[in-house]
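We name chains A, B, ... by the order of the sequence lines, and we start the count at 1 in each one.
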There are 4 protein chains.
Amino acid sequence: MTPPPERRRELLATAAEVFAAHGYKATTVRRIADEAGMLAGSLYYHFDSKESILDEILSTFLDELWDGYDAVLAAGLGPRETIEALVTESFREIDRHGSAVAIYQKESRHLARQPRFAYLAESQEKFEKAWLGTLERGVADRVFRADLDIRLTYRFLRDTVWVAASWYRPGGQHSPEEIARQYLSMVLDGVAVRAVRAVRENPEPTAKAHSDS
Amino acid sequence: MTPPPERRRELLATAAEVFAAHGYKATTVRRIADEAGMLAGSLYYHFDSKESILDEILSTFLDELWDGYDAVLAAGLGPRETIEALVTESFREIDRHGSAVAIYQKESRHLARQPRFAYLAESQEKFEKAWLGTLERGVADRVFRADLDIRLTYRFLRDTVWVAASWYRPGGQHSPEEIARQYLSMVLDGVAVRAVRAVRENPEPTAKAHSDS
Amino acid sequence: MTPPPERRRELLATAAEVFAAHGYKATTVRRIADEAGMLAGSLYYHFDSKESILDEILSTFLDELWDGYDAVLAAGLGPRETIEALVTESFREIDRHGSAVAIYQKESRHLARQPRFAYLAESQEKFEKAWLGTLERGVADRVFRADLDIRLTYRFLRDTVWVAASWYRPGGQHSPEEIARQYLSMVLDGVAVRAVRAVRENPEPTAKAHSDS
Amino acid sequence: MTPPPERRRELLATAAEVFAAHGYKATTVRRIADEAGMLAGSLYYHFDSKESILDEILSTFLDELWDGYDAVLAAGLGPRETIEALVTESFREIDRHGSAVAIYQKESRHLARQPRFAYLAESQEKFEKAWLGTLERGVADRVFRADLDIRLTYRFLRDTVWVAASWYRPGGQHSPEEIARQYLSMVLDGVAVRAVRAVRENPEPTAKAHSDS
DNA sequence: TATGAATGAGGGTTCATTCAT
DNA sequence: CATGAATGAACCCTCATTCAT
């Protein structure tokens with residue numbers, strides 16, 4: 001026996017996909033209903049409004065995201081390991097809630113202005129605090145470079161990760177963890193090859209690069 | 001005396017800002033007109049439709065972008081220098097056409113499906129060819145790491161740059177060139193501090209890398 | 001219990017009347033909705049567009065018209081009887097689809113240019129072929145006068161019949177058949193009185209005229 | 001030197017053509033201006049409004065028409081000759097003011113309701129009085145058949161003539177007078193051939209023809 | 001005389017939403 | 001739970017008209 005929540009989740013997933021593909025505003029309630037095999041009016045048995053569908057998609061996603069983030073932040077890891085864990089967690093989230101992430105990317109900026117979606121701004125702040133704090137800790141610990149504008153670095157990391165939602169498709173050849181590993185490798189060590197002498201001292205630079213990414 | 005094209009450009013700039021801030025679909029033609037100090041109907045003296053405004057914003061931007069890119073690609077630089085030049089050029093474009101870039105980011109995916117905006121897909125392909133080709137050249141020349149999935153690297157670079165349009169505001173404390181420099185530094189060399197020994201033994205690799213990046 | 005098509009037909013009839021009275025272009029969709037006791041937007045639940053309403057009115061009418069015409073043409077009647085039957089059928093059509101006929105009269109010329117209404121031109125051609133062919137047959141059989149420009153005669157007959165839609169109102173004192181009879185009498189025999197001698201030979205000219213018209 | 005009235009007449013002719021081709025409502029002022037080689041706004045130097053252009057086209061046409069009609073009616077001709085003269089005059093009018101006639105046909109019905117175009121209704125009445133009177137005179141004089149509904153005959157004659165404006169093009173193979181002659185021949189004597197014997201016995205076929213038609 | 005730019009009243013259409021069945 | 005029909009606000013766009021130049 002499938003409880004009502006099941007159907008609800010399906011509808012939310014369907015809606016999220018359409019929102020992600022066409023944008024919230026450009027998505028008609030009829031389109032969602034079509035995709036779900038019902039008439040537009042019928043959606044209102046399940047949800048109050050189009051906006052409340054969006055709301056539920058976004059808040060569900062953020063709740064799950066913070067479950068993961070909070071666990072990482074509470075684990076007492078070093079700055080680099082924290083960043084690595086957060087990035088990995090983020091890619092897992094993209095894997096599971098790709099549509100929600102895409103919606104978030106596109107719409108959160110102007111949604112955050114509305115009272116109903118104030119939690120987006122709050123999440124954003126908390127997010128910034130967590131990442132920026134970790135980066136600062138890393139700079140202090142001489143794990144991260146001190147010569148960079150730290151806010152720029154923060155935005156760089158943040159965007160670099162989340163933008164991946166725009167092209168990532170679950171079930172592709174790379175697992176979220178693998179993608180996270182490569183992203184971290186690029187972000188932390190750069191895409192340029194290191195100086196020749198370093199290579200000499202270190203016979204397998206490629207392997208090395210991987211081992212600590 | 002201001003020639004007619006002047007007014008047109010103003011209106012396009014106004015429209016671009018509103019589109020960028022609220023999204024194309026959510027932007028009403030009346031809103032644009034308000035912002036421009038005229039009535040909605042009056043816009044149609046200057047433009048055929050809301051869509052044609054969008055079209056002109058996007059195509060103008062892409063034309064300018066490719067003017068810059070083509071010059072870079074024709075200059076015969078090495079792969080690393082090419083990437084550096086492209087990134088720098090991109091940030092300059094963000095500086096000048098921030099709104100257009102933001103619109104492009106949000107809307108190009110679904111717009112590209114429409115015949116009218118087919119040029120978006122074409123540009124995208126040309127873009128990919130240029131960047132991917134440069135990266136491949138760089139890998140062959142042992143300038144860029146060979147252990148990374150090159151398409152992943154491409155997307156990483158591409159997104160990382162353009163997403164900046166979402167927060168960049170002209171006239172801020174960093175010039176586009178300065179931002180480009182820091183981005184390149186992160187992307188090419190990573191944000192992590194290199195191993196202590198390597199730096200000591202090798203007085204200038206890191207420093208060198210930075211100084212001319 | 002009225003099936004859904006019923007409502008649709010009502011709306012079409014209402015729209016046809018308004019179109020016929022004021023012209024297609026001058027008729028607002030709000031006016032139609034008013035007349036139908038609903039709001040303008042509600043019409044779009046039943047029809048795609050104002051144009052598709054017009055389309056359905058016209059094509060429904062033409063379909064019915066050709067049902068009648070084809071039956072007549074397949075009956076193997078002589079030229080005069082064929083003309084009589086076609087005229088009678090036409091007046092019946094005017095009786096039942098007066099509004100559609102009036103719309104057709106006013107709008108078909110420029111509508112026929114649009115691809116969507118290409119069937120108007122096709123119908124027109126088929127119509128011309130049927131009438132012209134019958135007239136030619138009649139001339140060959142010495143039933144119709146040979147001294148007239150046959151295309152002129154065709155237009156004369158055609159217009160003479162259809163223009164009646166502009167003043168004909170169903171439920172008037174003359175039935176469509178009665179009107180057809182008188183029209184045929186005028187068209188075939190003329191409105192002028194016959195020579196004196198003819199009258200002498202034929203004591204009841206009036207009666208006679210009617211009996212075989 | 002061309003006086004201003006010349007330009008005015010050109011513009012009116014241009015407007016009349018466009019009105020006739022597309023309908024009054026569907027014709028935009030811009031379209032007229034285009035056709036006249038000027039901008040829409042410039043028309044307002046010459047005319048008060050779109051409606052006043054229509055007004056002038058229609059009233060000019062009716063004035064000329066009545067000049068001709070009044071001359072005919074004042075000539076003291078017999079009923080048949082009067083009808084012949086009126087029809088001939090009408091075709092001449094169609095030849096010269098084809099567009100105006102076409103506009104009149106399509107628009108007069110609903111225009112006549114507006115006070116500004118009350119003269120259309122007046123003309124219509126006068127028209128009806130003249131034709132109907134002549135017909136009645138003809139019936140009394142035993143020149144026209146008495147067995148027909150006279151109002152029906154009137155409408156038949158009236159429509160039959162004016163509808164020709166919808167296909168008549170000046171400069172064609174038939175002069176207006178020739179077309180009038182054939183129309184009159186059809187209307188007065190019918191399109192059916194008279195009985196063979198009657199023709200033989202009677203040197204004036206027209207007379208006999210009727211008895212057996 | 002004509003232009004260029006703008007006005008403002010509507011017109012067709014869309015769409016989230018409601019509600020009786 | 002879902003449908004069918006309707007609502008009503010808002011949207012894009014058209015077009016007759018105005019007016020300073």
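Taking atom C1' on both nucleotides, dT1(E) is separated from dT21(F) by 12 Å, rounded to a whole Å.
Distance CG (Asp34(D)) to P (dT3(E)): 11 Å, rounded to an integer number of Å. Spacing between atom CG of Asp55(B) and atom C1' of dC12(F) amounts to 17 Å, rounded to whole angstrom units. When the P atom of dC12(F) is taken as reference, atom CD1 of Ile53(B) falls 10 Å away, rounded to whole Å. Atom CZ of Arg8(B) and atom C1' of dA5(E) are 14 Å apart (whole Å). As rounded to whole Å, 10 Å separates atom P of dT17(F) from atom CD1 of Ile32(D). If you take CG of Leu39(B) and C1' of dC13(F), they are 14 Å apart, rounded to a whole angstrom. Counting to the nearest Å, the P atom of dA9(E) and the NZ atom of Lys50(D) are 19 Å from each other. In this structure, Met38(C) places its CE atom 16 Å from C1' of dC19(E), rounding to the nearest Å.
With a cut-off of 3.5 Å on both pairing distances, the Watson-Crick or G-U wobble partner of dT21(E) is dA2(F). With a 3.5 Å ceiling on both atom-pair distances, the Watson-Crick or G-U wobble partner of dC15(F) is dG8(E). Base pairing of dA9(F): its partner is dT14(E), meeting the Watson-Crick or G-U wobble criterion (both donor-acceptor distances under 3.5 Å).
Between the side chains of Asp63(B) and Tyr119(B), no donor N or O sits under 3.5 Å from an acceptor N or O.
Comparing Gly41(D) and Leu11(B) by the nucleotide of DNA chain E that holds the closest heavy atom to each, the one mapping nearer the 5' end is Gly41(D). Residues Leu43(C) and Tyr24(B) both approach DNA chain F. Their nearest nucleotides, taken by heavy-atom distance, put Leu43(C) toward the 5′ side. Each of Gly37(B) and Glu51(C) lies near DNA chain E, and the nucleotide nearest Gly37(B) is the one positioned closer to the 5' end. Heavy-atom nearest nucleotides on DNA chain F were determined for Lys25(B) and for Ala40(C), and the one closer to the 5' end corresponds to Ala40(C).
Residue side chain Arg30(C) does not reach the base of dG10(E) through any donor-acceptor N/O pair under 3.5 Å, judged by distance alone.
A cation-pi arrangement, defined by a distance under 6.0 Å to the six-membered ring centre and an angle within 45 degrees of its axis, is absent between Lys25(A) and Tyr24(B).
Looking only at side-chain heavy atoms (C-beta outward), Leu58(D) and Leu54(D) come within less than 4.5 Å of each other. Taking 4.5 Å as the limit, some side-chain heavy atom of Phe117(B) sits within range of a side-chain heavy atom of Glu51(B).
Backbone-only contact: Thr27(D) has heavy atoms under 4.0 Å from sugar-phosphate atoms and none from a base. Residue Val29(B) is in sugar-phosphate contact alone, with no base atom involved, counting any heavy-atom pair closer than 4.0 Å across all strands shown.
Considering only side-chain N and O atoms, Tyr44(B) lies nowhere under 4.0 angstrom from the phosphate OP1 or OP2 of dT14(F). Distances shorter than 4.0 Å separate none of the side-chain N or O atoms of Arg31(C) from OP1 or OP2 on dG11(E). A close approach under 4.0 Å does occur between a side-chain nitrogen or oxygen of His46(C) and OP1 or OP2 of dA6(F). Contact check, Thr28(D) against dC15(F): no side-chain N or O comes under 4.0 Å of OP1 or OP2. Taking only side-chain nitrogens and oxygens, Tyr45(A) never comes nearer than 4.0 Å to OP1 or OP2 of dA2(F). One finds no side-chain N or O of Ser42(B) lying less than 4.0 angstrom from the OP1 or OP2 phosphate oxygen of dA5(E).
Side-chain N or O atoms of Lys50(A) include none that pairs as donor or acceptor with a backbone N or O of Thr28(A) at under 3.5 Å.
Distance CG/Leu43(B) to OG/Ser52(B): 10.0 Å, rounded to 0.5 Å.
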